[in-house]
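Comments concern the structure below.
Atom set for the values below is all heavy atoms of this structure, side chains included, hydrogens, waters and symmetry mates excluded. Computed from a predicted structure; not experimentally measured.
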Amino acid sequence: MSKSRYQAPKGTRDIMVPESNRISSVLKVFEDTLNSGGYGQIISPLFEEIGVFQRIGGSSEVVTKEMFDFYDKDPKSPQHLALRPELTASICRAFAQHRPVTPWKVWYQGPQFRYEKPQAGRYRQFLQVGAELLGTPDPHADIEIIAIASNFFRKIGLSGIKLLLNSLGDANSRKSYNKALVEYFASNQEDLSEQSQETMLKNPLRVLDSKRQEDQGVIEGAPLITDFLNSDSVNHFHIVQDGLSLLGIDYELTPRLVRGLDYYTKTTFEFVAPNLDSAQNAVGGGGRYDGLVEALGGPPTEGIGFAIGIERTLMACEAENILDSSVQSLEVFIVDTTGGKEALVLSEELRQIGIRVDRSFDQRSMKAQMKAADRSGAELAIIIGTDELNENQVTLRDLRGEGTQTVLDRQSLSKKLPKILEETRK
RNA sequence: GUGGCCGUAGCUCAGCCUGGUAGAGCCCCUGUUUGUGGUACAGGUGGUCGCGGGUUCAAAUCCCGUCGGUCACCCCA
């Protein structure tokens, strides 16, 4: 395509009609699910001081390379800002700033930005929904968060989503595990890929995440976090597992599940869509981040939450063939061959009483208008030609069935139309 | 950031290997139908072949660059 000089920036796109409808309906389901759990919506800024995001971890590429950042125009002390690459950090910043009463339960929805090379299910601007529960160490919070996320998937009709579960332990458990991992990887360094050797220095946990063939042998023999959890962490993890079983939520223990952001502690989880054959089959994920609020200058506060990628969720829906395009279709299409004034007045009259109606412009021929009426998906065509205009009448034509026509008094149309529409649906 | 493939009408694509100044289907518009859609038939609109440069008498076709898309790695939702 050549003629248009401008196009949507790399990794962004215009989401149009069938898909935009699907997105709104998915968002609606999410909103309902979260409201039913006592979570309130938070709408935070699309950008923050860059430091807010840098707190989430220096070994994460999301923070080191993938941020869209810029300076504002203040000539004296321009602020270094960044488009949000994720929302948990913003939420924790908001918590630290406002100190709400705990437990603080919020949900959010909106675009995030990551400067990455686009790929299937990966965009530079993408939509996430999520929820955070701040201010309690109670493992029941972990369970609730996971349950709510799986509720969401169930409600939109996805049945193949798998829940992967792990515990990274608290800071202490993690420290000793880290040590063991470093030792192990160091002694097997020559069998690791070059990349992984680098990763090892920055964040040994992340090496477990490598998909490189050459790393797999080493990874398989690596020590497991499970063996390094202290009693508090083990306890916490057991309660979470018991609770999930109690609620009938299936999960798969994945001791090597490591999430991308550095701030996670204890419970971590990921929702994957196995029937997505793309490399991006993680549709959502989350975990506990007990030190994050404090790192952002707030009081020591526990937190747990999840985020779900909408684009990937929709891809999963497509793979499961449950794409729902339940858009409210038009009820009436007005065909006016007398110049368009009637269509103008009548469409306004009907819209005011809540009927979904469209019309043609440009004074097109009756045939063309009928064609447009047909394609509009409307149930009824209201035809106004010179005959009707003179007689003060309108002709109703059924567009779904045989095309039966009835003539009606123009004056009584608004009153009778709702009932007539009801009849035609039978 | 690294690598593979791709970029021709609004959409899906053929043509490119073996250079000779553009094609199909769908969509859209008009007509067959002197007020009436959904089927059928006939006709029509629409493209500086992503952009820039090079080779050549001649480039959609070959070469280089660039932008965009896509897939994998990396990373992540």
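Among the nucleotides B:rA77, B:rU36, B:rG68, the one closest to the side chain of A:Gln405 is B:rU36. Which of B:rC71, B:rU32, B:rA77 sits closest to the side chain of A:Lys367 comes down to B:rU32. Listed nucleotides B:rU36, B:rC75, B:rA77 differ in distance to A:Arg206; the shortest reach to its side chain belongs to B:rC75. Closest approach to the A:Lys117 side chain among B:rG1, B:rU36, B:rC74 is made by B:rG1 (side chain taken as heavy atoms from C-beta onward). With distances taken from any side-chain atom of A:Met366 to the nucleotides B:rC75, B:rG35, B:rC29, the minimum falls on B:rG35. Closest to the A:Ala368 side chain, of the nucleotides B:rU30, B:rC29, B:rA77, is B:rU30. The side chain of A:Glu66 sits closest to B:rC75 out of B:rC75, B:rG35, B:rG37. When the nucleotides B:rA77, B:rG68, B:rG38 are ranked by their closest atom to the side chain of A:Gln7, B:rG68 comes out on top. Listed candidates were B:rC71, B:rU70, B:rG35. Nearest to the side chain of A:Gln119 is B:rC71.
Closest-nucleotide positions on RNA chain B for A:Pro118 and A:Gly309 were compared, and the one nearer the 5' end corresponds to A:Pro118. With the nearest nucleotide of RNA chain B identified for both A:Thr12 and A:Thr395, A:Thr395 has the one nearer the 5' end.
Heavy atoms only, all atoms of each residue included: A:Pro85 and A:Phe126 are closest at O-CZ, 4.2 Å.
Remark: the separation of the C1' atoms in B:rU56 and B:rC13 is 30 Å, to the nearest Å. Between B:rA60 and B:rG19, the two C1' atoms lie 10 Å apart (nearest whole Å).
Among the atoms of the strands shown, none is found under 4.0 Å from any heavy atom of A:Gly130. Among the heavy atoms of the strands, none lies under 4.0 Å from A:Ile382. If you check every strand for non-hydrogen atoms under 4.0 Å, A:Gln112 touches nothing. Counting any heavy atom pair closer than 4.0 Å across all strands shown, A:Gln125 reaches no nucleic acid atom. Contact annotation for A:Ile308: no contact, since no heavy-atom pair falls under 4.0 Å across all strands. If you check every strand for non-hydrogen atoms under 4.0 Å, A:Glu270 touches nothing. Residue contacts for A:Gly401: at a heavy-atom cut-off of 4.0 Å it reaches a base atom on one of the strands shown. Among the protein residues, A:Arg364 comes within range of the sugar-phosphate backbone only, with heavy atoms under 4.0 Å from sugar or phosphate atoms but none that close to a base. Heavy atoms of A:Gly385 sit under 4.0 angstrom from at least one base atom. The residue A:Phe271 sits apart from the nucleic acid: no heavy atom pair falls under 4.0 Å.
Residue A:Leu165 holds its CG atom at 4.0 Å from CZ of A:Phe237, rounded to the nearest 0.5 Å.
Using a distance-only test at 3.5 Å, with no hydrogens or angles considered, a donor-acceptor pair links the side chain of A:Asn166 to the main chain of A:Pro255.
The environment of A:Asp250 atom CG is sparse: at most 12 non-hydrogen atoms of other residues, nucleotides or ligands sit within 6.0 angstrom.
Side-chain contact annotation: A:Gln405 with A:Arg397, donor-acceptor N/O pair under 3.5 Å present.
Partner assigned to B:rC62 is B:rG54, using Watson-Crick or G-U wobble distances below 3.5 angstrom.
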